[in-house]
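Notes follow once the structure below has been shown.
We name chains A, B, ... by the order of the sequence lines, and we start the count at 1 in each one.
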Amino acid sequence: MVTRLTNYFLKTLREDPSDAEVISHRLLVRAGYIRRQAPGVFAWLPLGLKVKGKIEQIIREEMTRAGAHEVHFPALLPREPYEVTGRWDEYGDGLFRLKDRKGSDMLLAPTHEEVFTLLVKDLYSSYKDLPLSIYQIQDKYRDEARPRAGLLRGREFTMKDAYSFDYTDAGLDASYMSQRDAYERIFTRLGLEYAIVKADAGAMGGSRSEEFLHPTPVGEDTFVRSAGGYEANVEAWTTLVPPTLDIEGLAAAEVFDTPNTPTIQTLVDVANAEHPRSNGEAWTAADTLKNVVLALKHLDGTRELVIVGLPGDRDVDLKRAEVAFAPAEIEAATEADFAKHPGLVKGYIGPWSENGPVLGEKSATGIRYLLDPRVVAGTSWITGANVDGKHVFGLVAGRDFVGDGVAEVADVRAGDPAPDGSGPVELARGMEIGHVFQLGRKYAESLGLKVLDENGKLVTVTMGSYGIGVTRILAIIAELNNDDNGLIWPETVAPFDVHVVATGKDPAVFDAAETVVADLEAAGFDVLFDDRPKVSPGVKFGDAELIGIPKIVIVGRGVADGVVELWDRRSNERTPVAIADAASRLRG
RNA sequence: CGGGGCGUAGCUCAGCUUGGUAGAGCGCCCGGUUUGGGACCGGGAGGUCGCAGGUUCGAAUCCUGUCGCCCCGACCA
């Protein structure tokens with residue numbers, strides 16, 4: 001195929017658009033691939049659509065290889081199925097909701113678990129029909145609080161979402177691995193580095209969940225990896241629990257005056273100055289127990305205070321807290337919250353007081369008290385004595401206080417030991433490009449998807465859900481492949497195979513260019529032909545660089561000697577070749 | 001939702017402090033000269049200065065309100 005620039009829908013911009021910050025956004029707009037319509041919503045121009053199509057094609061091929069079949073659902077859906085699974089409420093403000101003329105609630109789907117499940121329920125009723133994997137490539141809608149970075153975080157984005165249906169756990173495992181393997185092939189073909197990290201299943205429910213993260217400093221996810229191969233999103237991190245210690249023989253707790261120690265650091269300073277440890281070692285923040293007050297906003301609108309006790313050198317990671325308390329939302333405790341609980345002495349909160357337990361469901365305050373996994377029985381702490389200006393030293397977990405449970409909310413640090421014993425971890429940033437979930441029976445259960453098994457018994461189907469962010473991947477590829485002059489697409493996703501540039505005004509040049517273009521087409525190349533007659537060479541070269549097709553043929557002054565130049569966009573090398581050899585040289 | 005920045009021609013921006021009725025570059029149209037790195041000359045089209053009030057003889061400029069956009073944070077694929 002040959003596409004001529006003289007009648008193509010393309011206009012490049014000489015300057016960066018003022019509303020674009022990240023490189024992929026700037027270049028995709030400047031080079032005429034996309035245009036912004038609304039925050040986080042983009043129109044696709046011909047060039048952009050071609051690249052998107054190339055990525056989708058690779059995904060389709062690998063889905064087919066994995067035995068998944070393509071379908072297509074509407075983006076506009078009725079409320080009911082999402083009401084049944086609870087997601088109409090759980091999605092909160094992130095869901096695009098609208099009403100039709102009759103006043104019925106509709107939504108723009110953020111994902112399609114419900115309708116896929118219902119479709120299979122409509123048509124299938126026997127174990128003989130399973131396993132089944134179906135997928136679609138469809139636009140998704142999420143009303144992000146803050147869309148940003150162009151395509152990297154939009155409110156409309158294209159996603160490949162696949163769903164597997166099995167009636168045994170082993171079957172689900174197999175379907176899951178089949179998709180997971182397909183993802184590895186897809187990202188490898190796209191030339192995208194990825195880490196497969198353990199992820200939090202979160203509001204999606206289910207058990208096993210892994211994210212494909214592309215490591216990049218601009219990523220929004222923090223993940224950890226150990227030298228021994230452990231990789232996990234910090235949201236899914238589980239703390240290595242130390243062994244419990246012997247309580248026998250530990251000294252009794254002692255209360256000391258510690259005026260003006262509202263922060264951990266001031267407390268540690270005072271402790272070292274006035275109450276040094278008996279063995280002479282200095283106290284550190286890790287010897288203190290920090291009790292952080294969190295307010296949970298539950299789905300039904302109720303507000304609950306929870307106090308988390310964690311080592312004083314750790315902070316609460318709000319993302320991890322959201323996971324720990326999902327689906328409730330986390331807010332900082334307000335003055336009003338404290339006013340309702342006069343038993344809490346700000347800055348000196350602790351589980352213990354001379355008058356008995358202060359924190360915990362069975363204590364004086366009745367506030368739920370959860371402990372960091374590191375606060376095991378037999379560990380000894382300096383913590384607030386619930387009296388202004390006093391702390392208690394040597395307070396022993398399991399002897400002097402207990403929690404109502406464990407909470408994984410502390411931040412994860414470089415150097416923390418991996419839970420599988422594979423050594424200390426380092427932290428890295430990544431951008432989520434794919435996610436595989438074992439949903440289990442959550443959706444099938446609530447929507448009533450059951451089949452008859454070999455014994456004629458009704459069994460609930462078990463499902464998996466597998467997503468890839470198509471438009472996000474496009475943006476990441478653009479982010480990775482560019483230079484000062486523009487985009488440089490990998491051949492696998494470039495909008496065209498070859499960009500032919502005819503320069504000058506000599507009719508002989510244009511004749512020669514027609515010959516080259518015809519040869520290339522005959523050789524099977526998809527060709528973009530810059531045949532604009534009155535545009536100077538500088539403009540054409542600049543546009544070619546901006547557009548970023550990796551192989552460029554310059555037809556110009558060399559024509560007099562019977563040669564054209566092959567210009568490699570990435571290496572910037574130009575190689576003269578005979579006009580008649582251009583096509584075969586490029587094919588080789 | 002908090003913090004910051006910005007809305008003036010198709011695009012990128014100046015003008016606003018110190019009010020006097022709108023500019024530049026690029027792009028676009030016509031004519032001509034150019035053609036291997038974003039050419040040049042001449043002529044031209046194009047703007048309710050985001051919107052609404054207010055102050056003033058007079059507002060892009062000052063005041064109030066409002067809407068929108070971008071960035072950081074919270075939140076999210």
Summary of protein contacts for nucleotides 2-9 of chain B, nucleotide by nucleotide, where a base hit scores B, a sugar-phosphate-only hit scores S (4.0 Å, heavy atoms):
--------
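- Applying the Watson-Crick and G-U wobble criteria (two distances, each under 3.5 Å), B/G53 pairs with B/C63.
- Remark: A/Lys99 engages A/Asp105 in a side chain to side chain donor-acceptor pair (under 3.5 Å) (not counting sequence neighbours).
- For the pair A/His25 NE2 and B/C69 P, the interatomic distance rounds to 13 Å; values are reported in whole Å.
- Between A/Arg30 and A/Gly40, the residue anchored nearer the 5' end of RNA chain B, judged by the nucleotide with its closest heavy atom, is A/Arg30.
- How far CG of A/Leu172 is from OG1 of A/Thr462: 4.0 Å, rounded to the nearest 0.5 Å.
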Determine, for nucleotides 30-36 of chain B in 5'-to-3' order, which nucleotides have protein heavy atoms under 4.0 Å from the base (write B), from only the sugar-phosphate (write S), or from neither (write -).
-----BB
For nucleotides 11-14 of chain B, list the nitrogen or oxygen atoms of the protein found under 3.5 Å from its nitrogen or oxygen atoms, one pair per line.
| from | atom 1 | to | atom 2 | distance (Å) |
| --- | --- | --- | --- | --- |
| B/U12 | OP1 | A/Ser18 | N | 2.8 |
| B/U12 | OP1 | A/Ser18 | OG | 3.1 |
| B/U12 | O4' | A/Glu15 | OE1 | 3.4 |
| B/U12 | O2' | A/Glu15 | OE2 | 3.1 |

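- The pairing partner recorded for B/G31 is B/C41, the criterion being a Watson-Crick or G-U wobble arrangement whose two distances lie under 3.5 angstrom.
- Evaluation of the salt bridge (Lys or Arg N to Asp or Glu O under 4.0 Å) test over residues 36-52 of chain A, restricted to residues two or more places apart or in two chains, returns A/Asp19-A/Arg36, A/Lys50-A/Asp526, A/Lys52-A/Glu56.
- Here A/Asn485 pairs with nothing under the side chain to side chain donor-acceptor pair (under 3.5 Å) rule; sequence neighbours left out.
- Regarding A/Arg87, its CZ atom lies at a distance of 14 Å from the C1' atom of B/C76, rounded to whole Å.
- Between the CD atom of A/Gln37 and the P atom of B/C70 there is a distance of 13 Å, rounded to whole Å.
- In this view, A/Asp511 satisfies the side-chain contact (heavy atoms from CB on, under 4.5 Å) rule with no residue, not counting sequence neighbours.
- With sequence neighbours excluded, the residues forming a side chain to side chain donor-acceptor pair (under 3.5 Å) with A/Arg60 are A/Glu70, listed by chain and number.
- Residue pairs meeting the salt bridge (Lys or Arg N to Asp or Glu O under 4.0 Å) criterion with at least one member in residues 5-14 of chain A, sequence neighbours excluded, do not occur.
- For A/Thr503, there are no side chain to side chain donor-acceptor pair (under 3.5 Å) partners two or more places apart in sequence or in a different chain.
- With sequence neighbours left out, A/Trp567 forms a ring pair (Phe, Tyr, Trp, His ring centres under 6.0 Å) with A/Phe541.
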Show me the side-chain donor-acceptor pairs of residues 144-153 of chain A shorter than 3.5 Å, one per line, residues at least two apart or across chains.
| from | atom 1 | to | atom 2 | distance (Å) |
| --- | --- | --- | --- | --- |
| A/Arg153 | NE | A/Glu220 | OE1 | 3.4 |
| A/Arg153 | NE | A/Glu220 | OE2 | 3.0 |
| A/Arg153 | NH2 | A/Glu220 | OE1 | 2.2 |
| A/Arg153 | NH2 | A/Glu220 | OE2 | 3.3 |

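- Look at B/C69: its Watson-Crick or wobble partner, with both distances under 3.5 angstrom, is B/G5.
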